[in-house]
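Only one structure is covered here, and it is reproduced in the block below.
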Number of protein chains: 2
Amino acid sequence: MTERARRPTLADVAARAGVSVALVSIVIRDAPGASAASRQRVLQAADELGYRPDTRARLLRSSRSRLLGVVFGVHHAFHGDLVTGLYTAADRAGYELALSAVTPQRDEGRAVASLMQDRCEALVLLGPHASTARLAELADRLPVVVVARAARHRALDVVRTADGMGLHQAVDHLVALGHRRITHVDGGRAPGAAERRRGYRDAMRRHGLDAEIRLLPGGLTEQDGAAAARALLDLEPRPTAVTVFNDRCALGVLDVLQRAGLAVPGDISVVGYDDSRLARLSHVKLTTIAQDTEQITTLAVTRAVDRLDGTPVTEREMVVAPRLVVRATTAPCTADRRGAGS
Amino acid sequence: MTERARRPTLADVAARAGVSVALVSIVIRDAPGASAASRQRVLQAADELGYRPDTRARLLRSSRSRLLGVVFGVHHAFHGDLVTGLYTAADRAGYELALSAVTPQRDEGRAVASLMQDRCEALVLLGPHASTARLAELADRLPVVVVARAARHRALDVVRTADGMGLHQAVDHLVALGHRRITHVDGGRAPGAAERRRGYRDAMRRHGLDAEIRLLPGGLTEQDGAAAARALLDLEPRPTAVTVFNDRCALGVLDVLQRAGLAVPGDISVVGYDDSRLARLSHVKLTTIAQDTEQITTLAVTRAVDRLDGTPVTEREMVVAPRLVVRATTAPCTADRRGAGS
DNA sequence: TTGAAAGCGCTAACAC
DNA sequence: GTGTTAGCGCTTTCAA
């Protein structure tokens with residue numbers, strides 16, 4: 001292998017610019033305390049040498065690492081969205097991200113440990129599996145922000161979507177379109193399912209539709225949706241709209257409905273949850289509830305930074321409003337007007 | 001915020017164990033040169049203090065960082081598989097991984113730059129977008145292993161799947177099932193697309209099916225697949241089988257096909273590429289071409305380490321054979337027997 | 001405005 | 001076997 005040149009150091013730049021390393025450090029960090037003239041000289045020298053500061057040495061010396069550790073599931077599509085947002089949020093806040101993946105062969109514990117070793121100042125955990133107690137223990141050592149999962153503990157900051165509100169939005173949207181017989185296909189014991197179920201019920205009641213509340217057991221997958229849809233077809237009278245636990249499940253619902261000869265949204269409207277890529281497919285165009293990843297990630301980083309800065313914060317849990325994304329699977333109700341049905 | 005205790009250092013452990021820092025260093029690194037007795041004492045002290053070595057200080061001091069930089073696409077499911085394998089391969093080789101994600105807002109250049117700053121010894125780039133020339137330039141500074149993409153340059157190591165062979169396997173499988181009208185939905189300018197396209201053409205010719213060669217523009221996403229499937233539905237006569245650039249794209253194809261009332265594999269067979277988790281879903285059961293991620297990642301790490309160690313290597317390109325995984329989207333061709341339907 | 005010098009936590013020579 | 005010492009590349013007092 002060819003010999004590679006040693007990377008230039010501050011000292012190299014200093015030598016070339018004819019100044020001290022301390023001065024170079026000031027210039028490179030863009031800190032106050034250097035004349036325009038030296039700034040110029042140093043910058044030019046650095047440029048000519050192709051100088052790049054050594055993050056590790058810098059971190060070692062300064063008490064602050066300005067590093068945010070992020071644990072994410074390597075196969076979790078939604079985590080990809082979150083990581084994307086975290087990068088920009090961290091950037092804005094002047095922090096760097098250290099990524100640590102959870103894989104089938106690398107558990108959360110290892111992922112966290114490696115981040116700790118890297119001297120991250122705070123941890124942002126995406127949908128962590130660890131128990132709240134375990135997480136709280138971690139938070140004893142450094143600020144921990146739990147994202148996209150509930151965790152009630154005075155030591156933990158939590159940022160998550162208001163799933164209940166998501167279902168309120170779905171129901172409100174359908175009611176505004178004139179629907180009354182709105183069924184919910186739930187997510188069983190999946191995380192978030194309980195809150196979405198509750199949100200559906202509450203919203204129905206709020207609209208005085210207590211008598212129309214119908215819950216169908218569903219799940220996370222297309223298959224669960226397909227099964228639920230078959231059950232739905234037997235409902236008498238048939239609902240004119242259905243809210244589904246998530247997009248995948250909604251796809252199964254759509255599939256069975258359409259095969260049964262029902263037009264969507266002509267005969268029946270469908271609302272999903274997640275705004276996953278599936279929902280956006282041009283031939284699916286699923287009306288759905290989108291989680292606000294940008295806000296979630298911004299809040300997560302802001303909160304981590306606040307903890308680090310000692311900024312006093314009141315609520316430990318930050319619940320972000322989801323957003324209704326209207327596409328092509330919802331339309332005004334064409335069934336009999338009120339009074340005729342139920 | 002509560003005051004957090006300073007993390008214990010080597011010196012703290014040394015003090016507690018009543019030995020020198022050097023000795024502690026030896027014990028912690030599990031290096032030779034310490035008596036069993038001191039080993040025991042030091043380990044116990046470290047344990048009591050909850051000591052964790054500081055990666056950065058360690059890297060700063062030793063000339064070697066034993067850090068492998070990995071650039072991956074945050075939304076690329078297959079990259080998730082590769083990262084998984086890289087972690088274990090690196091672990092085996094005694095290296096750590098530094099992950100740097102490419103997101104819609106963070107390009108490859110930034111991803112690479114941050115890794116360089118972290119003093120990674122070598123770079124493993126998953127399906128990089130940069131030109132070969134640009135990659136070669138990078139390789140001028142440190143060993144670069146390009147994964148899952150072709151790049152012919154004497155300075156670049158490449159580990160990739162024999163994508164051409166993959167399409168041979170797909171076509172052979174379909175031909176063996178009696179199919180002749182086999183169309184290929186390609187990946188456009190995506191890495192690997194050209195070779196898969198070529199593999200498809202070659203395989204068709206090898207079977208004397210020159211006249212049946214049909215290429216449909218596709219891409220990497222479900223969207224692309226959906227669009228291609230719509231084009232495919234207009235083909236006259238309609239193909240009885242289709243090979244698709246990747247699994248995601250194949251999913252879009254499947255969906256449109258099924259919504260159009262075609263049975264898969266009854267009316268048309270579909271073969272994907274990647275054997276991603278999508279393909280394995282129980283309601284999808286996509287026949288696909290599996291890339292040997294374990295071998296790919298092992299080779300990538302091995303090669304990076306060889307470069308670092310100065311081990312002489314002969315070929316710069318390592319091509320791994322893919323494997324056909326037959327699931328439920330391919331079946332014998334029924335075109336002859338078909339009377340009614342669709 | 002600039003420079004000298006003292007470390008950050010660790011490893012690697014080299015003594016003892 | 002064990003301790004002493006000199007840095008890795010950088011930031012940060014503190015003087016000049």
Side-chain angles (χ1 to χ4, degrees), chain A residues 4-43 45-46 49-67 94 96 114 116-121, chain B residues 4-43 45-46 49-67 94 96 114 116-121:
Chain A
R4 269 172 246 274
R6 186 179 57 79
R7 288 185 50 162
T9 71
L10 263 197
D12 297 325
V13 178
R16 180 174 251 264
V19 296
S20 72
V21 283
L23 190 50
V24 176
S25 173
I26 288 173
V27 173
I28 294 296
R29 281 177 294 138
D30 206 23
S35 67
S38 342
R39 268 217 148 76
Q40 149 86 20
R41 295 242 313 274
V42 168
L43 253 19
L49 257 34
Y51 171 78
R52 297 267 157 250
D54 184 323
T55 317
R56 296 175 192 263
R58 172 176 283 179
L59 298 191
L60 177 58
R61 172 59 227 212
S62 47
S63 49
R64 308 279 315 260
S65 75
R66 300 199 81 79
L67 243 191
E96 300 255 294
S114 92
M116 301 280 292
Q117 220 142 316
D118 285 351
R119 292 286 190 269
C120 291
E121 293 189 49
Chain B
R4 270 172 242 274
R6 186 179 56 81
R7 290 185 48 162
T9 70
L10 265 196
D12 297 325
V13 178
R16 180 173 252 265
V19 296
S20 72
V21 284
L23 190 50
V24 176
S25 172
I26 287 173
V27 173
I28 295 295
R29 280 177 294 139
D30 205 25
S35 68
S38 344
R39 270 220 145 74
Q40 150 87 19
R41 295 241 315 275
V42 168
L43 253 20
L49 257 34
Y51 171 77
R52 297 269 157 248
D54 184 325
T55 318
R56 293 168 196 266
R58 174 177 278 178
L59 298 191
L60 177 58
R61 171 60 229 210
S62 48
S63 50
R64 306 279 316 261
S65 76
R66 301 200 82 80
L67 242 194
E96 299 256 295
S114 92
M116 302 281 292
Q117 219 142 317
D118 285 349
R119 292 286 191 269
C120 292
E121 293 190 49

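Every value quoted in this text rests on a predicted model; they were computed, and no experiment measured them.
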> When all nucleic acid strands are considered with a 4.0 Å heavy-atom cut-off, which category describes A/Leu60: base, sugar-phosphate, or nothing?
Replying inline: base

> If you measure from CG on A/Leu23 to OG on A/Ser35, what distance do you get to the nearest 0.5 Å?
Replying inline: 7.0 Å

> Which part of the nucleic acid, if any, lies within contact of A/Ser25, taking any heavy atom under 4.0 Å across all strands shown: a base, the sugar-phosphate backbone alone, or nothing?
Replying inline: base

>> Classify A/Arg29 by what it touches in the nucleic acid, base, sugar-phosphate, or nothing, heavy-atom distance under 4.0 Å.
In response: base

>> Distance check needed: D/dC8 C1' versus A/Asp54 CG, whole Å only.
In response: 9 Å

>> Does A/Ser35 reach a base, just sugar-phosphate, or nothing at all? Heavy atoms under 4.0 Å.
In response: sugar-phosphate

>> Would the distance check show the side chain of A/Glu121 and the main-chain N or O of A/Arg66 forming a donor-acceptor pair, the cut-off being under 3.5 Å?
In response: yes

>> If the cut-off is 4.0 Å, is B/Ser62 near the phosphate of D/dC8, judged by side-chain N/O to OP1 or OP2?
In response: no

> Under 3.5 Å, side chain of B/Arg41 to main-chain N/O of B/Ala17, donor-acceptor pair present?
Replying inline: yes

>> From C-beta outward on A/Ser20, which listed nucleotide comes closest to its side chain: C/dG9, D/dC10, C/dG3?
In response: C/dG3

> Taking the nucleotide of DNA chain D with the closest heavy atom to each, which residue, B/Arg61 or B/Gly33, is nearer the 5' end?
Replying inline: B/Gly33

> Whole-Å distance between D/dT2 P and B/Arg39 CZ?
Replying inline: 10 Å

>> I'd like to know if the side chain of B/Arg56 reaches the main chain of A/Asp118, judged simply by a donor and an acceptor atom lying under 3.5 Å from each other, with no hydrogens or angles considered.
In response: yes

> Over how many whole Å does the gap from B/Met116 atom CE to D/dG9 atom P extend?
Replying inline: 15 Å

> Between B/Ala22 and A/Leu10, which is nearer to the 5' end of DNA chain D once each is assigned its nearest nucleotide?
Replying inline: B/Ala22

> Starting at CG of A/Leu59 and ending at P of D/dC10, how long is that distance when rounded to a whole Å?
Replying inline: 12 Å

> Of the nucleotides C/dT2, D/dT2, C/dC8, which one has an atom closest to the side chain of A/Ala34?
Replying inline: C/dT2

> Closest to the A/Arg119 side chain: D/dT2, C/dT11, C/dG9?
Replying inline: C/dG9

